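See below for the structure under consideration.
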2 protein chains.
Amino acid sequence: MAHGSTRPTSRDVAQAAGVSQAAVSLVLGDKWRGRVSQATAERVREAARELGYRPNLAARNLRLGRTRTVLLVVPALTTEFFAGVYTGAARIAAQNGFGVVLYPSPEGIGPARDPFASAQAALDGIIASSMAADALTALRGDQLPLVMLDSDPEGSLGAATVNLDIADGVRQVAGHLLGLGHRRLLHLAADVASWTFEVRARELAARVGAVPGTSLLTVRAPISIEGARTAAETALSAKGPRPTAIICDDDKLAAGAYKAVRRLGLRIPDDISVTGLDDLALATAIDPELTTVRLDAELFGERGMQALLAVLDGRRPDGGDIPVELVVRGSTAPPSVP
Amino acid sequence: MAHGSTRPTSRDVAQAAGVSQAAVSLVLGDKWRGRVSQATAERVREAARELGYRPNLAARNLRLGRTRTVLLVVPALTTEFFAGVYTGAARIAAQNGFGVVLYPSPEGIGPARDPFASAQAALDGIIASSMAADALTALRGDQLPLVMLDSDPEGSLGAATVNLDIADGVRQVAGHLLGLGHRRLLHLAADVASWTFEVRARELAARVGAVPGTSLLTVRAPISIEGARTAAETALSAKGPRPTAIICDDDKLAAGAYKAVRRLGLRIPDDISVTGLDDLALATAIDPELTTVRLDAELFGERGMQALLAVLDGRRPDGGDIPVELVVRGSTAPPSVP
DNA sequence: CCGCCGAAGTTTTACGTATAACGTCTCCCG
DNA sequence: CGGGAGACGTTATACGTAAAACTTCGGCGG
């Protein structure tokens with residue numbers, strides 16, 4: 001470190017104010033009622049301001065044995081969804097004097113560095129999306145309080161879970177399409193092993209299976225526009241009667257489906273309906289605008305952080321899934337009757 | 001903290017291995033050649049593994065006076081661009097034993113908490129996007145090594161800068177459109193006071209102004225699809241000859257322009273050409289695919305981190321703007337000759 | 001007038017680590 | 001055979017903070 005002048009410490013402030021280091025700590029830590037006079041306290045604060053004093057966090061953390069920092073583990077930040085989650089979590093954290101460090105699970109970042117080395121910070125707790133499964137294995141073994149987002153409530157032993165009511169969203173989508181008269185459905189599924197996607201498949205099968213005379217074909221694709229386009233194009237080109245609607249596991253897949261449909265010379269929603277899930281900016285950028293399920297990412301983050309704070313306090317986090325909302329736009333219509 | 005069993009310290013490891021704490025530190029810190037025997041070193045490592053020892057980072061940071069952690073300050077994470085920057089920066093950081101903490105400048109996160117309180121971590125340096133101007137004011141006053149991304153090389157006193165060659169990108173876009181024969185251009189500009197956008201405006205004016213018989217109208221819009229649509233629609237509905245091409249400051253604005261064009265019953269690129277800048281996923285999701293300028297976000301992040309490492313080492317970061325590339329897709333064509 | 005209490009501080013200690021400074025013991029060379 | 005040079009450790013210390021334990025002093029009730 002070429003740092004010439006070292007930063008002022010609480011001892012420097014003490015000297016400047018003519019008091020002991022302990023007094024500085026008391027005043028700045030707001031624990032001085034009945035211990036330090038009003039006048040002295042003001043003098044200390046003035047000295048601190050004067051010197052531009054900032055407490056050394058490493059020292060404080062060492063002393064207190066906690067950091068008031070939590071880690072938010074998310075899959076590679078490829079959409080704005082997790083930006084929303086972060087925003088919500090950070091808001092609640094800030095209100096409680098906590099900081100949030102983001103740990104996007106590495107993808108080509110390097111040889112699987114563990115989150116702790118990477119975040120360097122010592123942590124009080126972790127909020128992790130179930131989609132960042134690879135990072136989770138590295139997390140196991142440490143006994144930090146953990147909150148899982150969108151994870152199997154049964155499977156995540158011990159850890160509290162906070163979930164979006166994806167199942168309800170899928171039911172709404174399926175109900176919407178079935179109500180319009182669609183009977184041949186294509187499920188464009190994310191090629192990711194994660195609970196949140198399993199729920200989609202399960203719920204869809206249940207809801208559609210309950211209606212006689214329906215068919216449901218599932219095709220898997222990586223979550224990218226190009227990957228989804230390829231998968232959808234192949235599925236739509238297959239022999240036999242064509243599906244009249246495509247239900248996509250998320251909006252990005254839906255964007256790929258749009259391209260597939262267009263390539264085949266078909267039109268949305270006239271020839272085929274498409275639905276997404278997320279309600280990203282993408283959903284209103286494409287034409288026609290996408291019928292999708294709106295997820296409140298910020299609320300998701302808020303609830304996640306609240307759950308973690310509860311765990312840290314020894315309280316039980318309050319449960320209840322976060323409601324989602326079907327947003328009907330121009331990409332769905334009754335099937336054309338040939 | 002309800003933490004029942006406290007984590008093992010280096011002293012615990014020492015006791016288990018039958019050596020002193022200092023020996024543990026030497027071995028685990030890989031400074032033991034000629035100080036500790038091969039056998040003892042192995043014994044220490046085994047004990048550490050056995051106990052699941054992890055060094056207390058707060059203590060280490062306090063001792064060393066540095067954290068090997070840098071802060072990456074970015075504007076609200078609303079696109080995948082900064083996710084790429086992070087990935088690149090984190091890769092280089094990891095190769096050098098550094099960690100990167102993300103600080104998305106708060107937007108509704110709370111009462112302007114300063115980055116240091118929020119990131120809690122003590123920092124060795126900062127990489128900041130010029131777009132996160134609000135957070136920067138909070139950073140001033142601290143003498144941390146600073147690297148600015150996409151910032152005025154002249155204006156950012158002292159701080160090293162790493163820039164994309166946006167000016168060249170704009171020249172390429174303008175050249176492309178002028179080459180196709182366009183003469184009436186609309187510049188859909190971002191309503192953000194930031195150097196990177198000023199460069200676009202300046203360079204565009206220079207390049208277009210050099211060609212006789214051209215007109216260039218500038219309209220500002222917030223960086224959102226809906227905001228851009230409104231602004232573009234208003235501009236296109238104005239009296240007088242209509243522009244034949246819209247040059248957008250980024251891809252999101254371009255998506256808004258698409259919607260405006262479509263609302264007016266016009267077609268891209270037949271009636272009007274549109275260009276973007278960024279090459280986000282969005283660019284290939286919309287129809288027709290967007291002619292835009294590809295920015296290598298990861299390389300940007302890598303170069304930023306390399307520059308910061310250089311500063312930390314007392315070396316001079318090597319300069320040179322990062323090249324960008326025009327990607328011609330379906331949204332541009334020669335103007336229709338009425 | 002004694003003893004106690006509260007105000008206003010100070011002294012001291014511990015947090016866990018990295019490393020400088022300090023012992024041994026053995027070997028080898030002159 | 002004296003002593004210097006490794007090899008192999010250990011002891012001691014500092015980093016900056018928070019807080020428990022201690023000191024001092026004036027006032028006041030009994």
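Here is how names work: the chains are called A, B, and so on, in the same order as the sequence lines, proteins then strands, and each is numbered from 1. In this text, all values refer to a predicted model and were calculated from it rather than measured experimentally.
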Heavy-atom side-chain contact between B/Arg11 and B/Gln15 under 4.5 Å: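 Sidechains of B/Gln15 and B/Arg11: no contact.
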Atom-pair distance ([atom1] on [X]; [atom2] on [N]), nearest Å:
X	N	atom1	atom2	result
B/Leu28	C/dT19	CG	C1'	15 Å
A/Glu42	C/dA8	CD	C1'	17 Å
B/Arg60	C/dC15	CZ	C1'	16 Å
A/Asn56	D/dA14	CG	C1'	13 Å
A/Trp32	C/dA7	CH2	C1'	13 Å
A/Tyr53	D/dG16	OH	P	10 Å
B/Leu62	D/dT17	CG	P	9 Å
A/Arg54	D/dC15	CZ	C1'	20 Å

Is the charged tip of B/Arg45 near the ring of B/Trp32: under 6.0 Å from the six-membered ring centre and within 45° of its axis?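 Geometry flag: set, cation within 6.0 Å and 45°.
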Which nucleotide sits closest to the side chain of [X]: [options]?
X	options	value
B/Ser10	D/dT17, C/dA8, C/dT17	C/dT17
A/Arg11	C/dT17, D/dT17, C/dG9	D/dT17
B/Ala59	D/dC8, D/dT11, C/dG16	C/dG16
B/Thr9	D/dG9, C/dT17, D/dA19	C/dT17
B/Ala23	D/dG16, C/dG16, D/dT10	D/dT10
A/Val19	D/dA19, D/dT17, C/dT10	C/dT10
B/Gln21	D/dT17, D/dA12, D/dG16	D/dA12

So does B/Arg49 pair up with B/Glu46, basic N to acidic O under 4.0 Å?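 Salt bridge between B/Arg49 and B/Glu46, a charged N being under 4.0 Å from a carboxylate O: yes.
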Decide yes or no on side chain to side chain contact (heavy atoms under 4.5 Å, CB included) for B/Val73 and B/Ile126, but give the supporting numbers first. CA-CA 7 Å; B/Val73 182; B/Ile126 298 176; 3.9 Å; yes
Under 4.0 angstrom between B/Thr40 side-chain N/O and D/dG9 OP1 or OP2: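 So the side-chain polar atoms of B/Thr40 do come within 4.0 Å of the phosphate oxygens OP1 or OP2 of D/dG9, strictly under.
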Taking only side-chain N and O atoms of B/Ser20, does any of them lie within less than 4.0 angstrom of OP1 or OP2 on D/dT11?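 For D/dT11, neither OP1 nor OP2 has a side-chain N or O of B/Ser20 closer than 4.0 Å.
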Does a donor on one side chain and an acceptor on the other come within less than 3.5 Å for [X] and [Y]?
X	Y	value
B/Ser10	B/Ser25	no
A/Thr161	A/Ser151	no
A/Thr67	A/Asp124	yes

Side chain to side chain contact (heavy atoms under 4.5 Å, CB included) partner of A/Val24, chosen from A/Thr9, A/Val13, A/Val36: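 For A/Val24, the side chain to side chain contact (heavy atoms under 4.5 Å, CB included) check succeeds only for A/Val13.
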Atom pairs under 3.5 Å: protein N/O with N/O of nucleotides 20-24 of chain D:
from: D/dA21; atom 1: N6; to: A/Arg35; atom 2: NH2; distance (Å): 3.2

Mind checking if B/Ser37 touches a base, just sugar-phosphate, or nothing, with heavy atoms under 4.0 Å?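 The residue B/Ser37 makes sugar-phosphate contact but no base contact.
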